[in-house]
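Notes for the one structure printed next.
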Amino acid sequence: MPSPIRVAVTGAAGQIGYSLLFRIASGQMFGPDQPVILQLIEIPAEPAMKALAGVAMELDDCAFPLLAGIEMTDDPAKGFKDAEWCLLVGSKPRGPGMERADLLKDNGKIFVGQGKAIDENAADGAHVVVVGNPCNTNCMIGASQCKRIPARNWSAMVRLDQNRAASQLANKTGATVNDIGDLFIFGNHSPTMYPAFGLAQINGKPAPQVVSDDAYLQGEFCETVGKRGAAIIAARGSSSAASAASALVDHVRDMLTPGAIHSVAVQSEGAYGFDPNIWAGLPVKTTTPGEYEVVTGLDLSDEFSQQKLAATNAELTGERETVADMLG
Ligand code: NAX
């Protein structure tokens with residue numbers, strides 16, 4: 001057995017944490033032969049640390065063979081110490097009547113602090129994945145505060161959106177998700193995201209040809225994927241949790257699997273017209289475990305795609321302006 005890797009998780013006592021930690025500890029994220037030490041980070045305010053202790057008791061009670069240790073702390077410096085993977089799930093939920101700009105600023109502060117704490121404490125070459133919303137911009141803030149670890153090691157999660165889009169196309173066409181390929185999310189993890197259906201394949205045929213309903217693809221499909229989070233809240237009374245945890249398992253596992261091509265929000269280098277230095281959902285191909293290249297040259301030259309890309313890019317650049325004073 002290899003020696004255990006240290007995995008830091010913020011917001012570990014939250015809803016997503018409650019699904020996520022058990023998936024990590026059972027080996028689904030890092031593989032069936034890789035022991036893990038979980039470094040769980042919460043806030044000092046009640047009831048977070050007490051609830052976290054309860055979650056740790058349940059992890060103990062699962063007797064996971066791969067779980068080599070559990071540490072709990074409300075101190076980010078301790079929580080990120082020597083971590084090879086930092087999964088930044090915790091953030092403040094958007095309160096009633098709260099503007100998106102206020103959310104950006106409130107949560108941005110968390111990622112200023114966590115970026116610095118990762119810079120000072122995490123393992124060399126650590127990888128960081130941001131889930132806490134607004135995740136693209138939080139990721140940009142954290143990466144900007146963390147000079148020791150390359151910005152390309154910082155990614156944000158749009159995989160839930162890719163998974164949602166795949167299920168919608170499968171349900172619409174009677175295919176299974178295994179039949180869907182090349183379906184990628186471009187841009188922000190927000191309703192402006194673009195699930196680029198024109199590139200997708202269903203059983204090896206272009207999705208628009210199989211669906212044969214452009215009005216559905218441009219309208220209901222994009223809208224359903226973009227607003228799925230709100231639909232889950234309306235139905236369940238709380239936001240997506242198990243599906244978000246599952247998407248994070250997919251995100252990290254595919255980042256470790258050479259050849260995997262999947263949607264990840266990474267630092268833009270200008271491909272597909274995205275402003276450099278924002279974090280945009282893009283198709284990336286894993287080259288070696290933890291390393292990737294952006295898949296460029298996909299044809300999104302049609303007018304609809306161009307409009308969608310421009311809109312999500314404009315939102316991301318606007319977010320960057322809102323948080324400009326938090327960038328290191
Ligand atoms: P919860 O409110 O259930 O849990 C969040 C936890 O984070 C709480 O336990 C809180 O105490 C903790 N926390 C807050 N600030 C912290 C800090 N500075 N350090 C450490 N812990 C901190 O939310 P949950 O449903 O688990 O969602 C977590 C985040 O994921 C939210 O920001 C949510 O918007 C975001 N999501 C992102 C998704 C994505 O696809 N990128 C989808 C799901 C989800 O909406």
Side-chain angles (χ1 to χ4, degrees), residues 8-23 39-56 71-80 83 86-95 98 100 103-104 106-118 128-139 141-142 145 155-165 185 187-191 193 195 225-234 236-252 262-265 279-281:
V9 182
T10 69
Q15 281 203 94
I16 294 175
Y18 193 66
S19 285
L20 176 67
L21 302 179
F22 299 85
R23 303 278 305 266
Q39 303 187 169
L40 308 180
I41 307 170
E42 262 294 345
I43 49 173
E46 285 298 330
M49 288 305 292
K50 188 164 173 236
L52 186 58
V55 177
E71 295 169 11
M72 287 173 275
T73 182
D74 57 17
D75 177 356
K78 283 190 190 146
F80 292 123
C86 303
L87 308 178
L88 309 188
V89 178
S91 67
K92 268 198 207 165
R94 188 165 174 170
M98 195 175 183
R100 191 171 169 89
L103 182 74
L104 278 161
D106 264 17
N107 279 330
K109 285 181 212 147
I110 296 176
F111 291 84
V112 169
Q114 291 184 351
K116 288 181 176 159
I118 290 169
V128 187
V129 187
V130 180
V131 173
N133 278 323
C135 64
N136 298 54
T137 295
N138 288 339
C139 188
I141 293 169
Q145 297 291 344
S155 63
M157 189 174 91
V158 291
R159 180 57 177 265
L160 179 55
D161 310 305
Q162 178 187 311
N163 290 349
R164 287 167 169 169
I185 303 297
N188 206 357
H189 170 67
S190 84
M193 79 183 74
V225 176
K227 296 189 176 163
R228 186 70 162 179
I232 304 266
I233 294 173
R236 211 173 79 86
S238 48
S239 59
S240 330
S243 55
S246 195
L248 184 54
V249 171
D250 293 343
H251 176 120
V252 174
H262 56 131
S263 310
V264 181
W279 261 250

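Given the structure is predicted, the values throughout are model-derived calculations rather than measurements. Just so you know, ligand 1 is whichever comes first in the structure, and atom 1 is the first atom listed for that ligand.
Atom 3 (O) of ligand 1 has Gln15 N, 2.9 Å as its closest protein atom, hydrogens excluded (heavy atom only). When only non-hydrogen protein atoms are considered, atom 37 (C) of ligand 1 lies nearest to Val131 O, 3.1 Å. If you check which protein heavy atom lies closest to atom 27 (O) of ligand 1, you get Ile16 CD1, 3.4 Å. Nearest non-hydrogen protein atom to atom 42 (C) of ligand 1 is Leu160 CD2, 3.7 Å. Atom 45 (O) of ligand 1 has Asn133 ND2, 3.6 Å as its closest protein atom, hydrogens excluded (heavy atom only). Ranking the protein heavy atoms by distance from atom 18 (N) of ligand 1 puts Ile110 CG2, 3.4 Å first. Protein heavy atom closest to atom 8 (C) of ligand 1, with residue, atom name and distance, is Glu42 OE2, 3.5 Å. Residue, atom and distance of the protein heavy atom nearest to atom 4 (O) of ligand 1 are Gly14 CA, 3.2 Å.
When each atom of ligand 1 is checked for a heavy atom of Val89 under 4.0 Å away, the hits are 28 (C), 29 (C), 30 (O). Residue-ligand proximity, Gly132 to ligand 1, at heavy-atom distances under 4.0 Å covers atoms 29 (C), 30 (O), 32 (O). Ligand 1 places these atoms under 4.0 Å from at least one heavy atom of Ile43: 11 (O), 15 (N), 16 (C), 17 (C), 18 (N), 19 (N), 22 (C). Atoms of ligand 1 lying under 4.0 Å from any heavy atom of Gln114, numbered from 1 in the order shown and given with element: 17 (C), 18 (N), 19 (N). Heavy-atom contacts of Ser239 reach the following atoms of ligand 1: 25 (O) (cutoff under 4.0 Å). When each atom of ligand 1 is checked for a heavy atom of Ile41 under 4.0 Å away, the hits are 20 (C), 21 (N). Taking every non-hydrogen atom of Met157 and a distance limit under 4.0 Å, the qualifying atoms of ligand 1 come out as 39 (C), 40 (O), 41 (N).
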TODO: Applying side-chain contact (heavy atoms from CB on, under 4.5 Å), run through Leu88 and Ile118 and close with a yes or a no.
DONE: CA-CA 11 Å; Leu88 309 188; Ile118 290 169; 4.0 Å; yes
Task: Pair Val89-Leu248, side-chain contact (heavy atoms from CB on, under 4.5 Å): steps then yes or no - done: CA-CA 10 Å; Val89 178; Leu248 184 54; 4.3 Å; yes
Open item on the list: Please determine whether side-chain contact (heavy atoms from CB on, under 4.5 Å) holds for the pair Trp279 and Ile141, giving the CA-CA distance in whole Å, both sets of side-chain angles, and the decisive distance to 0.1 Å.
Closed with: CA-CA 10 Å; Trp279 261 250; Ile141 293 169; over 6 Å; no
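Contacts between Cys135 and ligand 1 below 4.0 angstrom, taking non-hydrogen atoms only, involve the side chain exclusively.
Leu87 CG to Ile16 CD1: the interatomic distance, rounded to the nearest 0.5 Å, is 11.0 Å. Put simply, CD on Glu42 and CE on Met72 are 11.5 Å apart, with the number rounded to the nearest 0.5 Å.
Annotation: Thr10 places no N or O atom under 3.5 Å from an N or O atom of ligand 1; distance criterion only. The distance criterion of under 3.5 Å between nitrogen or oxygen atoms is not met by Asp161 with respect to ligand 1. Considering backbone and side-chain atoms together, His189 places an N or O closer than 3.5 Å to an N or O of ligand 1. The distance criterion of under 3.5 Å between nitrogen or oxygen atoms is not met by Ser240 with respect to ligand 1. At under 3.5 Å, a nitrogen or oxygen of Gly11, whether backbone or side chain, sits near a nitrogen or oxygen of ligand 1. At under 3.5 Å, not a single nitrogen or oxygen of Gly90, backbone or side chain, sits near a nitrogen or oxygen of ligand 1.
When atom types are taken as modelled, the side chain of Gln114 and the backbone of Pro76 share no donor-acceptor pair closer than 3.5 angstrom. When atom types are taken as modelled, the side chain of Ser19 and the backbone of Ala241 share no donor-acceptor pair closer than 3.5 angstrom. Side-chain atoms of Asn107 never come within 3.5 Å of backbone atoms of Pro134 as a donor-acceptor pair (strictly under, hydrogens ignored).
Protein non-hydrogen atoms do not reach within 4.0 Å of atom 23 (O) of ligand 1.
Taking the side-chain contact (heavy atoms from CB on, under 4.5 Å) definition, one finds that Asp161 meets it with Val158, Arg164, Ile185, His189, Met193, sequence neighbours left out. Every residue was checked against the side-chain hydrogen bond (donor to acceptor under 3.5 Å, both in side chains) condition with Ser243, not counting sequence neighbours, and none meets it.
Residues Gln145 and Lys116 share a closest heavy-atom pair of OE1-CE, 3.2 Å. Closest approach of Phe80 and Ala8 over heavy atoms only: CD2-CB, 3.7 Å. Nearest approach of Leu103 to Lys92, heavy atoms of both residues: CD1-O, 3.7 Å. For the pair Ser238 and Gln15, the tightest heavy-atom approach, listed with the atom from each and the gap, is OG-OE1, 3.6 Å. In terms of heavy-atom proximity, Ser91 sits nearest to Ile110 at CA-CD1, 4.0 Å.
Within the structure, ligand 1 lacks Gly229 among the residues with a heavy atom less than 4.0 angstrom away.
Of the candidates Pro76, Ala12, Ser91, Ala51, Ser91 brings a heavy atom nearest to atom 31 (C) of ligand 1.
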